[in-house]
Amino acid sequence: MEKMPLCSRHWMFTLSEVASLNDIQPTYRILKPWWDVFMDYLAVVMLMVAIFAGTMQITKDQVVCLPKLESAVCLTPPASRDGENKQQGSSQPEETTTESGKEWLSTSPELKLETHLRTQTDTLVNPTPLIQDLNKLASSPGGRKTNLDYQQYVFINQMCYHVALPWYSKYFPYLALIHTIILMVSSNFWFKYPKTCSKIEHFVSILGKCFESPWTTKALSETACEDSEENKQRLTSAQSLRKHLSNSSEEGSPSPSTPMISKSGIKFSADKPVGEVPGMTILDKKDGEQAKALFEKVRKFRTHVEDSDLIYKLYVVQTAVKTVKFIFILCYTLTFVTAISFKHVCIPNVEHLTGYTDFECTHNMAFMLKKLLISYIALICVYGFVCVYTLFWLFRRPLKEYSFEKVREESSFSDIPDVKNDFAFLLHMVDQYDQLYSKRFGVFLSEVSENKLREISLNHEWTFEKLRQHISRNAQDKQELHLFMLSGVPDAVFELTDLEVLRLELIPEAKIPAKISQMTALQELHLYHCPAKVEQTAFSFLRDNLKCLHVKFTDVAEIPAWVYLLKNLRELYLMGNLNSENNKMIGLDSLRELRHLKVLYVKSNLTKIPSNVTDVAPHLTRLVIHNDGTKLVVLNSLKKMMNVAELELHNCELERIPHAIFSLSNLQELDLKLNSIRTIEEVISFQHLKRLTCLKLWHNKIVSIPQSISQVKNLESLYLSNNKLEVLPVALFHLQKLRHLDVSYNCICVIPLEIGLLQNLQHLYVTGNKVDILPKTLFKCIKLRTLCLGQNCITSLPEKIGHLVQLTHLELKGNCLDRLPSQIIHCRLLKKSGLVVEDHLFDALPSEVKEALNLDTNASFANGAM
């Protein structure tokens, strides 16, 4: 086998390279409307015309020239040619020197051309006859006889090709080729321009995946199934209604059980999973993951292309360029089409070589070039009309806006958003190819479709068994389920009929269906940044059965409206920003509907107590406001809360005890934690609150306790920790009912001897002070169960510690003790776990004491094990 030359191998294309060129067109075929495809075919035909003309011109492009002789020396044409020459109107010489010369000079230009070409071919084999004829011709009058007659005429032909032949005849094929290439480049420029090709490639890739995605087929099939089911239900309902009306004796009074005919459009059923549609298979997990990834890609692609219209502008520009190009080509080709002819007069100014001044030439490609030029003009005209139509289409319709109105009408996806700019333009282009692409693509723009896919994936992942494993017992010993950052609420949740507390956190698409009515034990619901949507049947169940609701939000508008209609709700916890526009606190006036509300917990940044709160004040028993450091100024509305038994005002920047509190005759517990209270002289007014038993003034800036504290005779618990107290007044120990006293983390140096008067004291906290000596009267408080003396300066613990026989918790860590008295063994309820001291102090105790403490501990462990 003969080897291919190196140069040939270098310039030849392989089959794979040629095949790769054909792969480009199918990639973007969906963005090619009929006019672009038609123009591509026209460009290919024009390219073939240009190549054919160029090939013909390269192989056969030449002219043949003969001298124009004087009339005296003109040769007479042969008799056999007279009739033909007269018909052509040509004038030929009357005389000739030889027979061959007469024949060659008397023929028509076409025959001369043919004879000349044949002669040139024959000379390659035997040039003698041509040389003889030329010599004979040269011997005629008016010529210059030389020995280079043949070379003279070849030289003349070459010179006259450049002098006499019009430029358009010489360069038409090359101009046609260049113009055609420019038109072809213009047609595909938007596919190759860097700032548009990436978006187009991404769009085509996503569109193809969306079209072929199993989720698209599944969603549209479900629409068809639901449509047929709904039509069937409507037909059944209509038939039953007609039957009822025909059998009823009373007109216009249909039975309450008769199903009503719905006029609402097709929609996804909230109670029926996709997998339950007849004839449909469960979506494969891999297909579901791919569909979720497609939703994410479509969302990001939309935000990327909707902010500009570069693709649209570039397409308009390239269409305008093609139109301008068409006008330009048409103008100059129509001008020069008549310049292509067979007859040209040439004056090469070489008389000193040939003896002749004028020559008459013929172009042997003139006929073919003229036909090709006319064909090219026809193709250009058709191409131009298509360009004009494209411009008309571009400016006639608003291509930077695209509506899925038809898709919304024909399917259940009524929420498909309209798109704009480049995204809209690309979809308009796709519609010219096949509108089915846009319909299937719209499925991935619908939030309803995306949420349904998430619901299916969620239900596949969170089965009944998996949810059962996540149930735990909370502090109130209730069965609780906490779901965090899911795409929705799994259907299996509503099959947990014994669940008591349901906590939903960071689930933006939470929906509570009618199935929640199966959860008869549910009484507490937590919605943390979860604006749940509730069906009517589910709302009826929650309204009648829900007792406690926790709602955590960022803005007041996120609170679901149905929250304020739960008439049987007992406890409501609101955590978030309740300050909305126009200084309206809780934006809805529906709190007054909560007639059974007893507990209201508000953690926000209020400047006054909302008027809506006062609407439910008559039946509130507990009000908690955690204000996160915002100063609570207006408190007069507190006077309306006559039934409030517990009031907590935390972190409200209060500087004094509000006077409005003294009007709350039923108040039992007051908590003013984390404020800026410096003096509590108003405490004397608490004597009018006969039911007040607990006063919490901890984490403030109180310097002293007034003597009037003794007037609050019913006080049982007093919290004064984390203040700036230095002295405990004697009047404090006249509160005979005091059972709980907390003065830890102050600057107290001495515990007064009068502490022995508190015979009912059970819990005493003096941790974090400067106490160095414990008074012996302290141990007269024989009901003490908790004694916290840690982080002080105590050097010794009196032996009378054994008198506290009910002591269960003793904290001494952080003092200056060197030993513990052995009498601690008499504190029979004290265990090692309740004794908080340094290890060396415990180790220094007598062995029998340690055994007694350990014995109690071991016994407790044994009882716990049993």
Side-chain angles (χ1 to χ4, degrees), residues 28-37 39 186-191 193-211 213 216 219-220 223 265-267 294-323 386-451:
Y28 301 115
R29 67 184 184 277
I30 57 177
L31 295 179
K32 284 278 192 179
W34 69 265
W35 53 82
D36 275 353
V37 176
M39 283 192 285
S186 298
S187 297
N188 297 279
F189 183 70
W190 66 315
F191 293 137
Y193 185 59
K195 291 187 178 180
T196 58
C197 68
S198 60
K199 294 180 181 179
I200 293 174
E201 289 176 2
H202 198 184
F203 174 74
V204 172
S205 173
I206 292 177
L207 190 64
K209 292 178 181 177
C210 292
F211 188 86
S213 173
T216 312
L220 294 177
T223 298
I266 306 170
K267 60 182 181 179
L294 274 177
F295 274 109
E296 186 66 23
K297 287 182 179 179
V298 170
R299 186 184 300 109
K300 290 184 178 180
F301 178 77
R302 180 185 176 189
T303 58
H304 181 55
V305 297
E306 276 195 323
D307 59 352
S308 66
D309 55 353
L310 180 61
I311 299 178
Y312 170 76
K313 290 180 179 178
L314 192 61
Y315 189 83
V316 172
V317 169
Q318 75 176 26
T319 306
V321 168
K322 290 189 291 185
T323 306
V386 177
C387 288
V388 172
Y389 174 81
T390 305
L391 286 176
F392 174 74
W393 180 79
L394 286 172
F395 295 111
R396 179 176 61 91
R397 299 179 60 187
L399 299 180
K400 291 193 288 186
E401 298 175 1
Y402 189 92
S403 175
F404 288 90
E405 183 177 356
K406 292 184 179 180
V407 182
R408 290 194 290 261
E409 291 176 356
E410 297 174 0
S411 67
S412 63
F413 309 112
S414 58
D415 67 324
I416 301 178
D418 295 337
V419 296
K420 59 183 181 179
N421 289 337
D422 281 343
F423 200 4
F425 176 69
L426 290 173
L427 289 173
H428 279 295
M429 297 294 284
V430 169
D431 281 348
Q432 302 303 315
Y433 182 81
D434 190 350
Q435 292 186 352
L436 183 60
Y437 276 87
S438 299
K439 180 178 180 180
R440 297 175 72 89
F441 186 74
V443 172
F444 287 87
L445 290 171
S446 169
E447 291 187 5
V448 172
S449 176
E450 184 176 6
N451 293 338

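The minimum heavy-atom distance linking S187 with Q318 is given by the pair O-NE2, 3.4 Å. Shortest non-hydrogen contact noted between G442 and I416 is O-CD1, 3.5 Å. Considering all non-hydrogen atoms of both residues, V316 and L391 come closest at O-CD2, 4.4 Å. Between N188 and K32, the closest heavy-atom pair is OD1-NZ, 3.1 Å. Contact record, K209 with K297: NZ-NZ, 3.5 Å, taken as the closest heavy-atom pair. Between E401 and H428, the shortest heavy-atom contact is O-NE2, 2.7 Å.
In this structure, F191 and L31 have side chains that are in contact, with non-hydrogen atoms separated by less than 4.5 Å. For the pair F423/L445, a side-chain contact is recorded, criterion being any heavy-atom separation below 4.5 Å from C-beta on. Proximity of W190 to I311: side-chain heavy atoms (C-beta onward) are separated by under 4.5 Å at one or more points. Contact annotation: the side chain of F425 never approaches that of D309 to less than 4.5 Å [non-hydrogen atoms, C-beta and beyond]. With contacts defined as side-chain heavy-atom distances shorter than 4.5 Å, the pair T196/Y315 does not qualify. Considering only heavy atoms from C-beta on, V305 stays 4.5 Å or farther from F203 through its side chain. At least one side-chain heavy atom of Y402 sits under 4.5 Å from a side-chain heavy atom of S438. Q432 places none of its side-chain heavy atoms less than 4.5 Å from the side chain of D36.
Note that CG of L427 is 11.0 Å distant from OG of S403, once rounded to the nearest 0.5 Å. Taken to the nearest 0.5 Å, the CG atom of L399 stands 11.5 Å off from the CG atom of D422. Taking CD1 from I30 and CG from D434, the interatomic distance works out to 10.0 Å, rounded to the nearest 0.5 Å. Atoms CZ and NZ, from F295 and K300 in turn, are 15.0 Å apart once rounded to the nearest 0.5 Å. Taken from CZ in R397 to CH2 in W393, the straight-line distance is 6.5 Å, to the nearest 0.5 Å. The structure places CG of L436 at 10.5 Å from CG of D431, a figure rounded to the nearest 0.5 Å.
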Checklist entry - Passes side chain to side chain donor-acceptor pair (under 3.5 Å), S308 versus K195? Steps please. => result CA-CA 11 Å; S308 66; K195 291 187 178 180; over 6 Å; no
Checklist entry - Does the side chain to side chain contact (heavy atoms under 4.5 Å, CB included) test come out yes or no for V298 and F441, once each step is laid out? => result CA-CA 9 Å; V298 170; F441 186 74; 4.2 Å; yes
Next on the checklist: Go through it in stages, so that I can follow the logic: the residues are F444 and R302, the test is side chain to side chain contact (heavy atoms under 4.5 Å, CB included), and I'd like the CA-CA distance, side-chain angles, deciding distance and then a yes or no.
Outcome noted: CA-CA 11 Å; F444 287 87; R302 180 185 176 189; over 6 Å; no
Checklist entry - Can you check side chain to side chain contact (heavy atoms under 4.5 Å, CB included) on M39 and K322, steps first, answer last? => result CA-CA 10 Å; M39 283 192 285; K322 290 189 291 185; 3.4 Å; yes
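Remark: F211 pairs with Y437 by the ring-ring contact (aromatic ring centres under 6.0 Å, His included) rule, at least two apart or across chains.
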